[in-house]
Amino acid sequence: MSREQMIPLIVLAVVLPLVLLRNRRPRTLRPQFLWVTPLIVCLAIGLGLWGVSQGAGGQSPTDPVSLVILATGLILGAVAGFWRGKMTTIHKEADGLLKAQASPAGLILIVGLLLARRAIEPWLEVHAADWGVNPLAILEAFMLFAAAMVTAQRAEMFIRARRIRAGQPDAHVEVDA
């Protein structure tokens with residue numbers, strides 16, 4: 001592996017334990033601000049996709065097979081986000097304040113996808129033409145997966161938080177009396 005390929009793996013090795021430690025404690029959940037992160041992520045990924053398409057030299061993934069790959073990335077991301085949102089434990093305190101604690105399984109999923117993307121990228125560039133697949137479609141599908149996952153997770157958490165505040169039951173909630 002070259003030095004440039006190792007940098008993201010080193011960053012991941014440093015950041016992952018910090019994120020896991022940070023997620024051990026419940027954090028205050030403010031449902032009214034759950035839309036901010038998806039907006040930022042979608043804008044960043046949208047700009048990234050636009051930048052990739054500008055630098056692709058007319059090789060943007062717009063053929064039918066590529067569109068199916070992109071749609072699959074979006075759908076799988078939304079399913080994964082819904083699952084991550086459901087797996088988040090929401091703790092309601094006596095004063096009504098909501099605390100959320102993310103499941104480590106969601107972080108493991110994200111890390112696995114990052115590693116998978118990094119692992120298949122060189123192989124994909126060599127073999128994609130044999131299959132008649134635009135390699136950009138698969139790489140962009142990973143980015144769309146991430147955007148859909150963040151958006152669906154936050155939407156699910158928002159719906160659950162409103163339900164919990166209204167006093168309705170939830171499978172992943174703890175209430176302090």
Side-chain angles (χ1 to χ4, degrees), residues 4-5 7-56 60-62 66-91 98-121 124 134-165 170 172:
E4 290 81 25
Q5 291 175 327
I7 291 173
L9 296 176
I10 293 169
V11 169
L12 188 62
V14 170
V15 171
L16 182 62
L18 295 174
V19 171
L20 283 172
L21 287 173
R22 182 175 170 235
N23 284 342
R24 284 185 21 202
R25 289 189 324 241
R27 292 181 290 172
T28 301
L29 179 64
R30 294 181 181 90
Q32 67 272 25
F33 296 117
L34 285 174
W35 61 271
V36 175
T37 300
L39 177 66
I40 293 169
V41 167
C42 287
L43 286 174
I45 288 177
L47 286 171
L49 292 173
W50 177 78
V52 167
S53 69
Q54 296 301 308
S60 295
T62 55
S66 296
L67 294 176
V68 167
I69 292 170
L70 296 173
T72 301
L74 273 173
I75 292 167
L76 292 176
V79 169
F82 175 78
W83 176 72
R84 281 191 74 198
K86 278 285 192 200
M87 296 306 296
T88 301
T89 301
I90 298 176
H91 180 87
L98 297 177
K99 298 276 187 168
Q101 184 171 8
S103 167
L107 186 60
I108 292 168
L109 172 68
I110 292 171
V111 170
L113 287 169
L114 289 172
L115 293 174
R117 181 180 184 266
R118 178 63 66 187
I120 69 167
E121 191 171 5
L124 183 62
N134 186 338
L136 283 178
I138 296 174
L139 298 178
E140 287 182 1
F142 276 104
M143 292 196 296
L144 290 174
F145 180 97
M149 183 172 61
V150 168
T151 303
Q153 176 190 6
R154 294 300 176 114
E156 174 62 19
M157 288 174 61
F158 177 79
I159 292 166
R160 288 182 55 223
R162 279 192 17 198
R163 190 178 319 138
I164 291 166
R165 277 204 173 147
D170 188 78
H172 293 278

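This one's a predicted model, so the numbers in the text were calculated from it and none came from an experiment.
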Q: How long is the gap from CH2 on W83 to CD on Q153, to the nearest 0.5 Å?
A: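 Interatomic distance, W83 CH2 to Q153 CD, rounded to 0.5 Å: 10.5 Å.
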Q: Roughly how far, to the nearest 0.5 Å, is the CD1 atom of I159 from the NZ atom of K86?
A: 8.5 Å
Q: Set out, in order, the CA-CA distance, both residues' side-chain angles and the distance that settles side-chain contact (heavy atoms from CB on, under 4.5 Å) for T28 and L98, then state yes or no.
A: CA-CA 6 Å; T28 301; L98 297 177; over 6 Å; no
Q: List the atom of C42, the atom of A147, and the distance in Å for their closest heavy-atom pair.
A: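 Shortest heavy-atom separation between C42 and A147 comes out as SG-CB, 4.2 Å.
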Q: Quick one: pull up CD in E156 and CZ in R84 and give me the separation to the nearest 0.5 Å.
A: 12.5 Å
Q: Could you check whether any side-chain heavy atom of I90 comes within less than 4.5 Å of a side-chain heavy atom of K99, counting everything from C-beta outward?
A: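 Not in contact.
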Q: Work out which heavy atom in P26 is nearest to a heavy atom in Q101; give both atom names and the distance.
A: CG-OE1, 3.9 Å
Q: Using side-chain heavy atoms (C-beta onward) and a distance below 4.5 Å, is F145 in contact with M149?
A: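 Result yes, sub-4.5 Å side-chain heavy-atom pair found.
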Q: Please test L70 against E140 for side-chain contact (heavy atoms from CB on, under 4.5 Å), starting from the C-alpha separation and ending with a verdict.
A: CA-CA 7 Å; L70 296 173; E140 287 182 1; 3.7 Å; yes
Q: Distance check, rounded to the nearest 0.5 Å: Q32 atom CD versus L34 atom CG?
A: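 It comes to 8.0 Å.
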Q: Which atom names give the shortest non-hydrogen contact between R160 and G85, and what distance separates them?
A: NH1-O, 2.6 Å
Q: So, taking the atom named CD1 in I69 and the one named CG in L74, what distance separates them when rounded to the nearest 0.5 Å?
A: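 Result: 13.0 Å between the selected atoms.
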Q: Residues two or more places apart in sequence or in another chain: which of them pass salt bridge (charged side-chain N to carboxylate O under 4.0 Å, His left out) with R163?
A: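 So R163 forms a salt bridge (charged side-chain N to carboxylate O under 4.0 Å, His left out) with D170.
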Q: In Å, rounded to the nearest 0.5 Å, how long is the span from CD1 of I75 to CG of L144?
A: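 So the CD1 of I75 and the CG of L144 are separated by 11.0 Å.
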Q: Do the non-hydrogen side-chain atoms of L29 and M157 ever get within less than 4.5 Å of each other?
A: yes
Q: Taking side chain as C-beta onward, heavy atoms only, is V150 less than 4.5 Å from T37?
A: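 In contact.
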Q: Tell me whether R27 at atom CZ has more than 12 heavy atoms from other residues, nucleotides or ligands lying less than 6.0 Å away.
A: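 More than 12 heavy atoms, drawn from other residues, nucleotides or ligands, come within 6.0 Å of this atom.
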